[in-house]
K.L.:
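Encoded as structure tokens, here's the structure I'll be asking about.
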Amino acid sequence: MRQISEAQLTQFRTQGYLVVPGVLTDGQIATTRRLVAEMLEHRPPEGVGAHFLWPALDDTHPLLALYRAARIAELAAQLVRPELKLLEPDQAQVATTIPPWPHRPGGPHVDGITPGLEDGTPGTFTMLAGLWLTSQEELNRGNLYIWPGTHLRFGAYLAERGADALTRVDEMNPGPYPDVPLGDPVQATGAAGSVLFAHYLLAHNIGGHSGSANDGRRETLYYRLRTETHRARWREAVTTPLLEFRT
């Protein structure tokens, strides 16, 4: 299993994201891409652009089997405090981007706000894990846009206003995302088989795919990971953004 270095841990803490190459094998990529193709046959995309599927994961689902076989939990655990355990995800997101779609996001968003949970609280989590089934080595090929360091500035915003400000969408702008200094975005890049880890509060958004109609679609699997104590401490987690992570 890949080991997270001190430099990578520092990058995650300060920038809010990390790309780890070479996590998936060629066989895992090929098998999962065939599964994604079958899923899209049953629910085909309507035209170009972004298209999402949200399969629920029971104990027999092949996307949960991939999560386990690729040892995503063990890799992600190197980023969180050693006393915290990550729960297995109960849902995946199959994210595809079909060219030509020369889209550039106008701003970022944060996940889990609309809709929130049944009890009215936001659907916060610890971090996002994105498994790249296709190459993202070129820019503008469906790459995720990221605004580095915004997880810390968003945390400071919530610490000042209270965690429940996360539910007041009318105060968020744009996306929803609060009016904090964003800086310049970057596009996450790397080879197929890489895994992206991103802090929950990190500003991000989907990017366009400037390829031609003959180019292949971008394919990513996302899992939203929570520690076993996250729901009980979500207010503390979003107002102290490094609470759940290693020093």
K.L.:
For Thr220 and Val94, run side-chain contact (heavy atoms from CB on, under 4.5 Å): C-alpha distance rounded to whole Å, both residues' side-chain angles, the deciding distance at 0.1 Å, then the answer.
P.N.:
CA-CA 6 Å; Thr220 302; Val94 178; over 6 Å; no
K.L.:
Just by modelled atom types, is the Tyr157 backbone N or O under 3.5 Å from a matching donor or acceptor in the Glu160 side chain?
P.N.:
no
K.L.:
Show the nearest heavy-atom pair for residues Leu79 and Leu18, with the distance to one decimal.
P.N.:
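In this case the closest contact between Leu79 and Leu18 is CD2-CD2, 4.3 Å.
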K.L.:
Would you say that more than 12 heavy atoms from the other residues, nucleotides or ligands in this model lie under 6.0 Å from the CD of Glu228, or not?
P.N.:
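Yes, the 6.0 Å shell around CD holds more than 12 heavy atoms from other groups.
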K.L.:
Counting only N and O atoms by type, is there a donor-acceptor contact under 3.5 Å from the side chain of His209 to the main-chain atoms of Asp215?
P.N.:
no
K.L.:
Report the C-alpha distance between Glu88 and Arg68 in whole Å, list the side-chain angles of each, state the deciding distance to 0.1 Å, and finish with yes or no for salt bridge (Lys or Arg N to Asp or Glu O under 4.0 Å).
P.N.:
CA-CA 9 Å; Glu88 283 198 324; Arg68 292 168 175 170; 2.8 Å; yes
K.L.:
At their closest point, which heavy atom of His61 faces which heavy atom of Pro55, and how far apart are they?
P.N.:
NE2-CB, 3.9 Å
K.L.:
Ignoring hydrogens and geometry, is there a side-chain-to-backbone donor-acceptor pair from Arg246 to Gln78 under 3.5 Å?
P.N.:
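Between the backbone of Gln78 and the side chain of Arg246 there is a qualifying donor-acceptor contact (under 3.5 Å).
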K.L.:
Where do Gln136 and Arg218 come nearest, in terms of heavy atoms and distance?
P.N.:
NE2-CD, 3.5 Å
K.L.:
Side chain of Thr150, backbone of Leu182: donor and acceptor closer than 3.5 Å?
P.N.:
no
K.L.:
Test side-chain contact (heavy atoms from CB on, under 4.5 Å) on Ile29 and Trp132 and set out the steps.
P.N.:
CA-CA 8 Å; Ile29 294 171; Trp132 292 350; over 6 Å; no
K.L.:
Would a distance-only check, ignoring hydrogens and angles, find a side-chain to backbone donor-acceptor pair under 3.5 Å from Gln28 to Thr25?
P.N.:
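A pair under 3.5 Å: yes.
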K.L.:
Determine whether a donor-acceptor pair (N or O, by modelled atom type, separation under 3.5 Å) exists between the side chain of Asn205 and the backbone of Gly107.
P.N.:
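Here the side-chain-to-backbone pair exists.
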K.L.:
Of the non-hydrogen atoms in Ser194 and Val19, which two are nearest, and what is the gap between them?
P.N.:
CB-CG1, 3.9 Å
K.L.:
Test side-chain hydrogen bond (donor to acceptor under 3.5 Å, both in side chains) on Ser210 and Arg141; report intermediate values, then the result.
P.N.:
CA-CA 6 Å; Ser210 61; Arg141 290 294 190 273; 2.9 Å; yes
K.L.:
Answer with yes or no after comparing the ring centroid distance for Tyr17 and His151 against a 6.0 Å cut-off, counting only values under it.
P.N.:
no
K.L.:
Counting only N and O atoms by type, is there a donor-acceptor contact under 3.5 Å from the side chain of Thr167 to the main-chain atoms of Asp164?
P.N.:
yes
K.L.:
Do NZ/NE/NH1/NH2 and the carboxylate oxygens of Glu244 and Arg81 come within less than 4.0 Å?
P.N.:
no
K.L.:
With a sphere of 6.0 Å drawn around CG of Asp90, does it hold more than 12 non-hydrogen atoms of other residues, nucleotides or ligands?
P.N.:
no
K.L.:
Using modelled atom types and a 3.5 Å cut-off, is there a donor and acceptor pairing between side-chain atoms of His204 and backbone atoms of Leu202?
P.N.:
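The answer is yes, because a donor-acceptor pair under 3.5 Å joins these two groups.
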K.L.:
How are the rings of Tyr200 and Phe125 set to each other: parallel, tilted or perpendicular (split at 30° and 60°)?
P.N.:
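Answer is perpendicular, since the angle exceeds 60°.
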K.L.:
For Pro181 and Arg153, which heavy atoms make the closest approach, and how far apart are they?
P.N.:
O-NE, 2.5 Å
K.L.:
Using the six-membered ring wherever Trp is involved, compare the ring planes of Tyr145 and Trp147 and label them parallel, tilted or perpendicular (cut-offs 30° and 60°).
P.N.:
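Answer is tilted, since the angle falls between 30° and 60°.
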K.L.:
Restricting to non-hydrogen atoms, name the atom on Trp54 and the atom on Gln93 that form the minimum distance, rounded to 0.1 Å.
P.N.:
CH2-CD, 3.3 Å
K.L.:
Whether the side chain of Gln187 engages the backbone of Asn140 through a donor-acceptor N/O pair (distance < 3.5 Å, no angle test) should be reported.
P.N.:
yes
K.L.:
Can you measure from CG (Leu75) to CZ (Arg2) and round to the nearest 0.5 angstrom?
P.N.:
9.5 Å
K.L.:
Test side-chain hydrogen bond (donor to acceptor under 3.5 Å, both in side chains) on Arg231 and Thr124; report intermediate values, then the result.
P.N.:
CA-CA 8 Å; Arg231 287 309 305 156; Thr124 64; 3.2 Å; yes
K.L.:
Could you tell me how the ring of Phe245 sits relative to the ring of His199: parallel (under 30°), tilted (30 to 60°) or perpendicular (over 60°)?
P.N.:
tilted
K.L.:
Between Val20 and Leu196, is there a side-chain heavy-atom distance shorter than 4.5 Å?
P.N.:
no
K.L.:
Quick check: Phe12 with Phe197 (ring centres under 6.0 Å apart)?
P.N.:
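So the answer is no for these two rings.
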